[in-house]
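I have placed the structure first, in the form of structure tokens, so that the comments after it can refer back to it.
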Amino acid sequence: KIASEIAGGSDVLDVACATGGLSFILAEKCETVVGFDISPKNIETAKRKNRYKNIVFFVKDAAKLDLYEGEKFDYAIVSYVLHEMNPETRIRVIEGTKKVAKTIILADYDAPYDKLFSKGFVHLVEFLAGKEHFRNFLHFNDTNGLRKIALNHNLEIEKEIKFGQHLILVASENGTV
């Protein structure tokens, strides 16, 4: 679903790309894809799997995007990572992303949850990820997740895609998409 929101020929920053799954999909239609993750093991796996010349992967902390200032991407994607970050790190990630991309695509759980079974299952999975992770996840859910993050960071939501308990927001600062 995220890839369908990206225009062909774009330059994309895949924030916290894990092992590169989304980056590989985007490489088929984008001019350049830059993927980074804080985990050296994830980046090692992404580099090993990479068959595209238009993707670059490297180890980097998403909270330090200010090091990219001066570079501009058509899109920055932050998918399924904000819920595990503490509130201060979320702020740094979003503010850094705004400095380097025209359009920001946020994807994560839709919060707060409205289905009891999904809520119980998701809570169990996130609990098993560790105490700090779970505490950050609960804060994300209790503070209305992506919509509240967008509002708090002066992002205008241009498009909202909800599927099951998941949400994708396509946004820009002051609606400049």
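Model, not experiment: these values are computed from the prediction.
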If hydrophobic clusters are built from ILVMFWY residues whose side chains come within less than 4.5 Å, do Leu167 and Ile104 share one? yes
At what distance, to the nearest 0.5 angstrom, does CD of Glu5 lie from CD1 of Ile161? 3.5 Å
Do side-chain atoms of Lys162 reach the backbone of Gly164 as a donor and acceptor pair under 3.5 angstrom? yes
With sequence neighbours excluded, residues passing side-chain contact (heavy atoms from CB on, under 4.5 Å) with Ile91: Glu95, His153
Quick check for you: to the nearest 0.5 Å, what is the distance between Ile2 atom CD1 and Leu22 atom CG? 5.5 Å
Test of understanding: with side-chain contact (heavy atoms from CB on, under 4.5 Å), list the residues that count as partners of Thr32, not counting sequence neighbours. Asp11, Val34
Residues, nucleotides or ligands: over 12 heavy atoms within 6.0 Å of Tyr80 OH: yes
Is the closest side-chain heavy-atom distance between Tyr109 and His166 below 4.5 Å? yes
So which pairs with a foot in residues 3-30 pass ring-ring contact (aromatic ring centres under 6.0 Å, His included), sequence neighbours left out? Phe24-Phe57
Looking only at heavy atoms, what is the nearest atom pair of Ala150 and Leu169, with distance? CB-CD1, 4.3 Å
So do Phe140 and Ile149 actually touch side chain to side chain, heavy atoms under 4.5 Å? yes
Would you compute the distance between atom CG of Leu26 and atom OH of Tyr52 and round it to the nearest 0.5 angstrom? 10.0 Å
When every non-hydrogen atom of Gly9 is compared with those of Glu31, the smallest separation belongs to O-CB, 3.4 Å
Is a side-chain N or O of Lys29 found less than 3.5 angstrom from the main chain of Ile6, in a donor-acceptor match? yes
Residues passing the side-chain hydrogen bond (donor to acceptor under 3.5 Å, both in side chains) test with Thr97, sequence neighbours excluded, are none
List in chain and number order the residues that pass side-chain hydrogen bond (donor to acceptor under 3.5 Å, both in side chains) with Ser10, two or more places apart in sequence or in another chain; answer none if no residue qualifies. none
Here the pair of heavy atoms bringing Arg90 nearest to Leu82 is NE-O, 2.8 Å
Any salt bridge (Lys or Arg N to Asp or Glu O under 4.0 Å) involving residues 137-152? Give me the pairs, sequence neighbours left out, ordered by first then second residue. Asp110-Arg147, Arg147-Glu160
So salt bridge (Lys or Arg N to Asp or Glu O under 4.0 Å) across residues 122-138, not counting sequence neighbours, yields none
Can you list everything that forms a side-chain contact (heavy atoms from CB on, under 4.5 Å) with Glu84? Sequence neighbours excluded, please. Val81, His133
How far apart are the closest heavy atoms of Pro40 and Val59, and which atoms are they? CA-CG2, 3.7 Å
Nearest 0.5 Å please: distance from the OG atom of Ser23 over to the CD1 atom of Ile77. 7.5 Å
Evaluate the side-chain proximity of Asn144 to Leu151: yes if any heavy-atom separation is below 4.5 Å, no if none is. no
Side-chain donor-acceptor distances from residues 41-49 under 3.5 Å, at least two apart:
{"unit_1": "Asn42", "atom_1": "ND2", "unit_2": "Asp37", "atom_2": "OD1", "d": "3.3"}
{"unit_1": "Thr45", "atom_1": "OG1", "unit_2": "Lys41", "atom_2": "O", "d": "3.1"}

Given the rule in the side-chain contact (heavy atoms from CB on, under 4.5 Å) test, do Asp14 and Ile55 qualify, once you have shown the distances and angles that lead to the verdict? CA-CA 10 Å; Asp14 189 359; Ile55 301 180; over 6 Å; no
Does Phe58 share a hydrophobic cluster with Val100, counting links as ILVMFWY side-chain heavy atoms below 4.5 Å and allowing steps through other members? yes
Applying side-chain hydrogen bond (donor to acceptor under 3.5 Å, both in side chains), name anything that partners Asp108, two or more places apart in sequence or on another chain. His83
side-chain hydrogen bond (donor to acceptor under 3.5 Å, both in side chains) partners for Thr89, two or more places apart: Asn86, Arg92
For the pair Asn54 (side chain) and Ala27 (backbone), establish whether a donor and an acceptor sit closer than 3.5 Å, ignoring hydrogens and angles. yes
Reported CG-to-CZ distance for the pair Leu124 and Phe134, which is rounded to 0.5 angstrom: 9.0 Å
Check side-chain contact (heavy atoms from CB on, under 4.5 Å) between Ala62 and all other residues, then give those that pass, not counting sequence neighbours. Val15, Phe36, Met85, Val93
Measuring from atom OG of Ser172 to atom CG of Asn154, what distance do you get when rounded to the nearest 0.5 angstrom? 9.5 Å
